[in-house]
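One structure below.
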Amino acid sequence: MIRHFLNLGDAGGDAVAAMINDALDRKAARAGVPKGTPDADTPLAGHVLAMVFEKSSTRTRVSFDIAMRQLGGAAITLDSSNTQLGRGETIADTARVLSRMADVIMLRTDDHAKVEELAHFATVPVINGLTDLSHPCQIMADLLTVIEHGKALPGLEVAWLGDGNNVLNSIVEAAGLMKFNVRIGVPEGYDPDAAYIAAAQAGGANIKIIRDPAEAARGADVIVTDTWISMGQAHAEAKLAAMAPYQVNDTLMAGAKADALFLHCLPAHRGEEVTDSVMDGPQSVIWDEAENRIHAQKSILRWVFGQI
Ligand code: CP
Ligand code: NVA
């Protein structure tokens, strides 16, 4: 049975917890070592990751590449603009070919059905590097960051402010698996995926949509936001206007717990969904969160190969 990582649920709560512990251990073990130096045990020696990008990326691209180097393997990056996929070669045929040439495939794309189709036809593990529906690799780094900063997941109150997008869907999915609660502060018409909410609630998480941004943030342990216009979406003045009251600023942060953390997957649009004062302020852990993409990817890669 091939282990694909298309959503957090493919691994399940126990495996997610094990991956986070593995990431914490490996991160601690290589503190101070140059970033391109392989870990002593090189657990993925001889393995190659093929990364296919149909959308832009800075963090996902670099963190997967560095992760493979640290695990003793290598990575190849393909941009759809200069591959045959971009000229109409099918996902199925691309899956068959890359499965013969690489040991694991990562895809960043628009329609989630594409990553499912790739996994269906691949004979090696497939990792979702972001779709319009979800961004599970990001949430692995987010959970790692929250735990690293001393907060236990069960019972945690996470407040999301802004657009009900792919990143939020994966946070909601994580809530059901790891038993934390999400207070979703989104304007009407921009709710996250209803199926993710239903699944998380069935898993025992308390997921509430709260239209008043101040109420959503009140008493939260973690405040999270993301860009109001995601990749592939048209720049719409009406959407920006609807989002404006949900900006994460000092007033909103003041309503959360005094030791609340601020997370953002990045890239940020400073002055839109978040102010400079919050991004660069004492509660912001966004640079740890970005670095943790490397440590989280390593554990995801080890998990798909059955090493966790
Ligand atoms: N957070 C994230 O996925 O960043 P990139 O788009 O730069 O990969
Ligand atoms: N919601 C954003 C996340 C970027 C990492 C997007 O899809 O563009």
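Nothing fancy with the numbering, it's 1 onward along the sequence.
With a 6.0 Å cutoff to the six-membered ring centre and a 45° limit on the axis angle, R3 does not count as a cation-pi contact of F305.
Shortest non-hydrogen contact noted between V186 and G162 is CG1-O, 3.0 Å. Scanning all heavy atoms of the two residues, the minimum distance from I294 to A67 falls at O-CB, 3.9 Å. In terms of heavy atoms, N249 sits closest to V278 at C-CG2, 3.5 Å.
In this structure, CZ on R302 lies 5.0 Å from CD on Q307, to the nearest 0.5 angstrom.
D39 and R69 are not joined by a salt bridge, as no carboxylate oxygen comes within less than 4.0 angstrom of a charged side-chain nitrogen. Note on K239 versus D163: salt bridge recorded, some NZ/NE/NH1/NH2 to OD/OE distance being below 4.0 Å. The pair R96-D93 counts as a salt bridge, with a side-chain nitrogen and a carboxylate oxygen less than 4.0 angstrom apart. Between K257 and E157 there is no salt bridge, since no side-chain nitrogen of the basic residue lies less than 4.0 Å from a carboxylate oxygen of the acidic one. Ion pairing between D110 and K55 fails under the 4.0 Å rule for side-chain N and carboxylate O. Between K27 and E148, at least one side-chain N (NZ, or NE/NH1/NH2) sits under 4.0 Å from a carboxylate O, which counts as a salt bridge. We find that D79 and R61 are joined by a salt bridge, their nearest charged nitrogen and carboxylate oxygen being less than 4.0 Å apart.
Annotation: side-chain hydrogen bond (donor to acceptor under 3.5 Å, both in side chains) contacts of D14 (sequence neighbours excluded): none.
Across V224, D288, L156, a single residue satisfies side chain to side chain contact (heavy atoms under 4.5 Å, CB included) together with V146, and that is L156. Under the side chain to side chain contact (heavy atoms under 4.5 Å, CB included) test applied with L130, the options M106, E54, H135 reduce to a single match, H135.
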Go through the steps for D41 and R26 under the test salt bridge (charged side-chain N to carboxylate O under 4.0 Å, His left out), then give the verdict.
CA-CA 11 Å; D41 57 347; R26 294 189 85 88; 2.7 Å; yes
Salt bridge (charged side-chain N to carboxylate O under 4.0 Å, His left out) between K298 and D22, intermediate numbers included:
CA-CA 9 Å; K298 289 168 73 176; D22 178 72; over 6 Å; no
The test is side chain to side chain donor-acceptor pair (under 3.5 Å); show your working for H269 and T227 and say whether it passes.
CA-CA 6 Å; H269 293 71; T227 179; 3.2 Å; yes
side-chain contact (heavy atoms from CB on, under 4.5 Å) assessment of L6 paired with V126:
CA-CA 7 Å; L6 307 190; V126 171; 3.9 Å; yes
Taking it one step at a time, do D280 and R270 satisfy salt bridge (charged side-chain N to carboxylate O under 4.0 Å, His left out)?
CA-CA 10 Å; D280 303 327; R270 287 172 177 260; 2.8 Å; yes
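F5 is listed as a side-chain neighbour of P136, based on a closest heavy-atom distance under 4.5 Å.
Residue pairs that meet the side-chain hydrogen bond (donor to acceptor under 3.5 Å, both in side chains) test with at least one member in residues 202-211, sequence neighbours left out, are D191-R211.
With hydrogens and angles left out, the side-chain atoms of K35 and Q70 include no donor and acceptor closer than 3.5 Å.
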